[in-house]
Amino acid sequence: MSSGQPKGKILLIDDSETVLRFAHAKLEEAGYDVITTTQTVGAGRMLRGVDLVVVDYHMPGLDGMAVAQSLRAAARSVGAKPSFYLYTSDPQLLGQAQRLGFDGELTDKADYDALPRQVDAALRLARLRSLRGDRKP
Amino acid sequence: MTGESRPGASGDPGAKPKALSLGTKLWLAIMAVLAVVVVFVVSQLTSSVRTQLTESKVIAGSMVARLFAASVAPAVDFADEDAVRGELAKLKTNPDVVYAAVWDNHRRLIAEVGTAPAFPVAPEDEAGVVRSADQIQIMRTLPGPDGKALGMARVDFSLTSENSRFLAARRRIAWLALAVGLTISLLVAGLTKLQVIAPLERLIRATRQIEEGQQARVPDRSGDELGQLGRAFNAMSAAIADREARLADVNRRIQQLLDNMREAILVFDRGGRLGKVHSEHARALFGADALTRSTIVDLLYPTGNNAERTVEAQAFAEWVSLVFDMPLGRWEELIGLAPESVVLAPGTSAECVLALEFIPIGGDDRLDRVMLLATDETEKEKLTRAVKEQEETHQRQMNAMRRLLAGGGQLLVSMLSRSRDRLQECSSLVAERPFGAVQIHRLFQHVHTIKGEARSFDLGPLEAAALAVEDLLALLRNRVRQSDSGAQLGDLERLASLIATTRTELERAGDLLVRASPVGSAILDQITVRRADLDRVVSLVGSGSGSLGQAVRCLAARPFGESLLYLTEAVPSWGARYGKRVVLEVEGRDVPIPVELASVLPAALTHLARNAVLHGIEAPEERRGKGKGESGLLVVSARRVSESSDAVEIVFHDDGKGLDREAITAQSLALGLSGPVEELVFASGLTTASRTDLAGFGVGLGAARDELRKIGYDLILAPSDVGVRARIAPRDWPTESSG
C-alpha cells in the first residue's frame with residue numbers, strides 16, 4: 001500500500017469477486033483509494049468523492065446506455081463528477097463505450113499490471129479536458 | 001533570350017502565367033524604342049524630301065509665273081484679250097501647268113485656261129504661293145511700265161510627279177530604316193544577352209545550387225557592376241559554405257552527445273511531429289523508419305490493427321495538443337498530467353518499459369518544441385518483479401511452514417532429522433567399493449523415502465533434489481544390469497554431488513523451519529510431553545535451589561518466542577488500523593523463560609506494544625519527514641542474565657517519537673500526581689489517548705508491572721535517544737545491562 005494522499009478515488013463495479021479482489025489490490029498498491037461493488041443497483045450511494053467509475057462491460061443485466069444514464073444521474077445528485085469507463089478484455093470494442101454513454105473503455109481486462117496505467121491515463125485525460133474547457137471563452 | 005519560369009510551375013492549370021524574362025523585356029523595350037526612333041526619323045526624312053520637292057517646284061513655278069506675268073502684262077495693259085489668251089495657251093503647253101488665269105486691275109477675269117479650280121478664285125487674292133497636297137498655286141501681280149499693278153495672273157502647277165518621286169523616296173527610306181533598326185536591335189540584344197542576361201543567368205543557376213545545398217561560384221571576369229555582383233555572390237557563397245560546415249560540425253557533436261547518452265532522445269513540435277534530431281538509442285529503440293513517419297503519440301502508443309486509440313493514447317494526445325496551446329508559464333502545472341512511463345509491446349517477449357521525461361524548448365512564454373528523454377527501465381522492472389515474486393514465493397513458503405507448524409511441528413522436525421540420517425547413510429554407500437546393485441538398491445530406498453516425505457511436507461526444492469538423485473540411480477541401475485563393469489567413477493562423483501545438493505536443500509528446509517518457528521531454533525530441540533506430568537515434576541522438585549531444581553525449572557521453561565506468538569501478527573494489524581506501518585522483530589526466540597515469568601510476560605509485552613503503536617510510532621508521512629523509514633520498528637529481545645541462573649532480561653525498544661512528556665506531565669497534574677515521567681506512565685488512570693480498543697484506560701502498564709514485581713521482576717523505562725526503551729529484568733539486577 002502506498003503512503004501519502006491517495007492519487008484518486010476509484011469505484012469498481014464487477015460481478016466477479018475475484019476480479020474485484022485483484023483489481024482492488026493492484027490499484028491500492030498503486031496509491032488509489034478503491035471501493036468495489038458487484039451491483040450497479042445502489043452504486044450511486046458510493047459515488048461521493050469518486051473520480052473514476054469502472055464498470056464491467058459484460059455485467060449481467062447491463063443495458064449500456066441506461067446504466068450510464070443512471071450512474072450519471074446518481075453522481076449529479078451527490079455532487080460528484082466522475083468519469084465513467086467500461087472495462088473489457090476485447091480491444092475490438094474500442095470506441096464502443098461512448099456510444100453507450102460512457103467516457104471510454106479500459107481494455108486488457110486480464111492484465112492487472114496494465115490497470116493502474118489505464119486508470120492513471122483516464123484521470124489525466126479528464127483533467128486535461130477540464131483544463132481545455134476552462135480555456136474556452 | 002530565355003523565357004524564365006519557376007520549376008514545376010509549367011503545366012499546372014492553377015499556376016500563374018509565365019513571367020517574361022528580363023532578356024525578352026529588354027529586347028521588347030529596345031524594339032519599342034527603336035521603332036519610335038525609326039518612325040520619327042523616317043517621318044522627318046520623308047517630310048524633308050517632300051518639302052524639298054515642293055519648294056523646288058515652287059521656285060520653278062514662280063519663275064514660270066514671273067515670266068508669264070511679264071509676257072502677258074503688255075497684253076493686259078492694251079486690253080488685248082486675244083493676246084492674253086495666246087499667252088495662256090503657250091503657258092498651257094507646260095505639262096505641269098493645270099490652270100492659269102489673268103485678271104485686270106478691276107478684278108475682272110480676262111481669260112483662263114485649264115481645269116477651273118473647285119473653289120472660285122477671288123481676284124483680290126494677294127500675290128503669293130498657296131500649296132496644297134497635289135498643286136501649288138502662284139499668284140503674281142502684272143507689273144505696268146510705271147510699276148503700277150495692271151492686274152493679277154495665277155498659275156497652278158501640278159505636283160503629281162513630285163508626289164510620285166516622294167512616294168518612291170519614302171519607300172526606300174522606310175526599308176532602309178527597317179533594315180537599320182533590325183540590325184541595331186539584334187546587335188543590342190546580343191550585347192545585352194552577353195553582358196547582362198548571361199551573367200544574371202549564371203547567378204541564378206549558382207543561387208539554385210546553393211539552395212540545393214551545393215557549393216557554387218560564378219566567373220569573376222568583368223569589372224562592371226555585374227562583375228562586382230558576381231564577386232559579392234562568390235564571397236557570400238563561401239561564407240554560407242563555411243557556416244554550413246561549422247553548423248554540420250556542431251550538429252555532429254550534438255548527435256554524438258545524444259548518441260552517447262543512455263536515454264532515447266526525441267524532439268517533437270505542435271501536432272506531435274517528430275524532428276530530425278534524435279539519439280542513436282531512439283533509432284535503435286523505435287527504428288529509423290518509424291521516426292520519419294510517425295507522430296510522437298503513434299510512436300509511444302502504436303494502434304496496430306485497431307484504428308481506435310486506447311485511453312492512454314487519448315490522454316497523451318490530449319496532453320500534446322493542450323501543452324502547445326497553453327502559455328509556457330503553465331508548464332509546471334501541465335507536466336504533472338503527462339505520462340511518467342509507457343510500456344511498449346506489453347505482454348510480449350519484446351516488452352519494453354520506458355520512463356519518460358519531457359523538457360520544454362521555447363521562449364517568450366511560448367512553447368516551440370518538447371524534448372523527450374525516454375529511459376529504458378525494462379531490466380529494472382524485470383528485476384523488481386523478480387524480487388517481488390521471490391518475496392511472494394518466500395512468503396508462501398513461510399506461510400506453508402507456519403501451517404505445518406500449526407498442525408504439528410514435531411512431525412517435520414523428526415522428518416528432517418531422519419532425512420539427515422538417511423543422507424549420511426547415502427554418502428557412506430556411495431563410498432563403498434565395489435559399488436553395484438546392492439548399494440544402488442539401498443540408496444534408492446533412502447532417496448525415495450526422502451522424496452516422498454518432502455512431497456508430503458510440500459518442500460519442493462528438497463523433493464526436486466531427491467528426484468534428481470533418483471533419476472541418476474535409475475540410470476546407473478540399468479547400466480549395471482546391462483554390463484558387468486559396474487558404475488564408472490564419473491557417475492559416482494556425480495552421485496555424490498547430487499546427494500550433497502540434497503543435503504543442502506535439507507538444511508535450507510531446516511533453516512526455513514527455524515525462521516518460521518515462533519520459538520526459533522528451539523523447535524528443533526523440543527519434544528512433546530504431557531502438561532500434567534510436567535506440572536507434577538515441577539511441583540515436586542522445581543522449587544529446589546540445586547542443579548536438579550534448576551534443571552526441572554528449565555524443563556518447564558517456555559521459549560521466549562511463544563510469549564510473542566500473538567504479537568507477531570497483531571502488531572502489524574494494529575498499525576494498519578491507525579494508518580501506520582509497524583514491524584515486530586524478535587531476538588532470542590529460543591531463550592527459555594521461567595514458567596512464572598512466562599505466564600505474566602505476554603500481558604506486559606502486549607501493553608508495551610500497544611502503547612508503542614498508539615503513542616510512539618509515527619505515521620509514514622511524519623516518519624519520512626524525520627528521515628526515518630516508513631515502517632516503525634519494535635524490537636523485543638531476550639537473554640539469560642547468567643549461565644548459572646535461569647533469570648532473563650527482556651528489552652523492548654521502539655524507534656518512535658518517545659514519551660510525550662508534556663502530555664504526561666499535564667495529565668499527571670490534573671490527577672494530582674508528580675514525579676519523573678518514566679514513573680508517571682505507570683500511574684493508574686493516566687492516559688494521553690482517547691479510549692480505543694487498543695488503549696485509553698490508563699491501567700494496563702501499571703498492572704503489568706505489579707504482576708512482574710510479584711514474581712521478583714520489574715519493568716523499568718530506560719533512557720533512550722529514540723523512542724521508548726523498556727526493560728524487564730530481576731529486581732535485584734543492575735539497572736544498566738549490556739544488552
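In the text below, chain A, chain B and the rest are named by the order of the sequence lines, each starting its count at 1.
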- Test log, rule side-chain contact (heavy atoms from CB on, under 4.5 Å), inputs A:Leu131 and B:Leu334: CA-CA 9 Å; A:Leu131 280 176; B:Leu334 288 167; 3.7 Å; yes
- Message: What part of B:Ala338 gets within 4.5 angstrom of chain A, counting heavy atoms only: side chain, backbone, both, or neither?
- Response: backbone
- Set of side chain to side chain contact (heavy atoms under 4.5 Å, CB included) partners for A:Ala80, sequence neighbours left out: A:Ala75, A:Val78, A:Pro82
- Note on the structure: In this structure, OG1 of B:Thr310 is separated from CD of A:Glu105 (nearest 0.5 Å) by 10.0 Å
- Nearest heavy-atom contact between B:Val311 and A:Ala121 is O-CB, 3.8 Å
- Message: Assess whether a salt bridge exists between A:Arg124 and B:Glu312, defined as any Lys/Arg side-chain N lying under 4.0 Å from an Asp/Glu carboxylate O.
- Response: no
- Task: Under the salt bridge (Lys or Arg N to Asp or Glu O under 4.0 Å) rule, collect the residues that match up with A:Arg76, sequence neighbours excluded.
- Result: none
- Just wondering, more than 12 heavy atoms not from B:Gln390 lying within 6.0 Å of its CD? no
- Query: Does B:Glu318 reach the side chain of A:Arg127, with side-chain heavy atoms less than 4.5 Å apart?
  - Reply: no
- Who pairs with B:Glu340 by side chain to side chain contact (heavy atoms under 4.5 Å, CB included), at least two apart in sequence or on another chain? none
- Is there any residue in residues 372-388 of chain B with a non-hydrogen atom under 4.5 Å from a non-hydrogen atom of chain A, and which ones are they? B:Arg385, B:Lys388
- Message: For the CG atom of B:Leu337 and the CG atom of A:Leu128, what is their distance to the nearest 0.5 Å?
- Response: 4.5 Å
- Item | A:Arg117-B:Ser341 side chain donor-acceptor pair, cut-off 3.5 Å | no
- Task: Inspect the surroundings of CG in B:Asp365 and state if more than 12 heavy atoms from other residues, nucleotides or ligands are less than 6.0 Å away.
- Result: yes
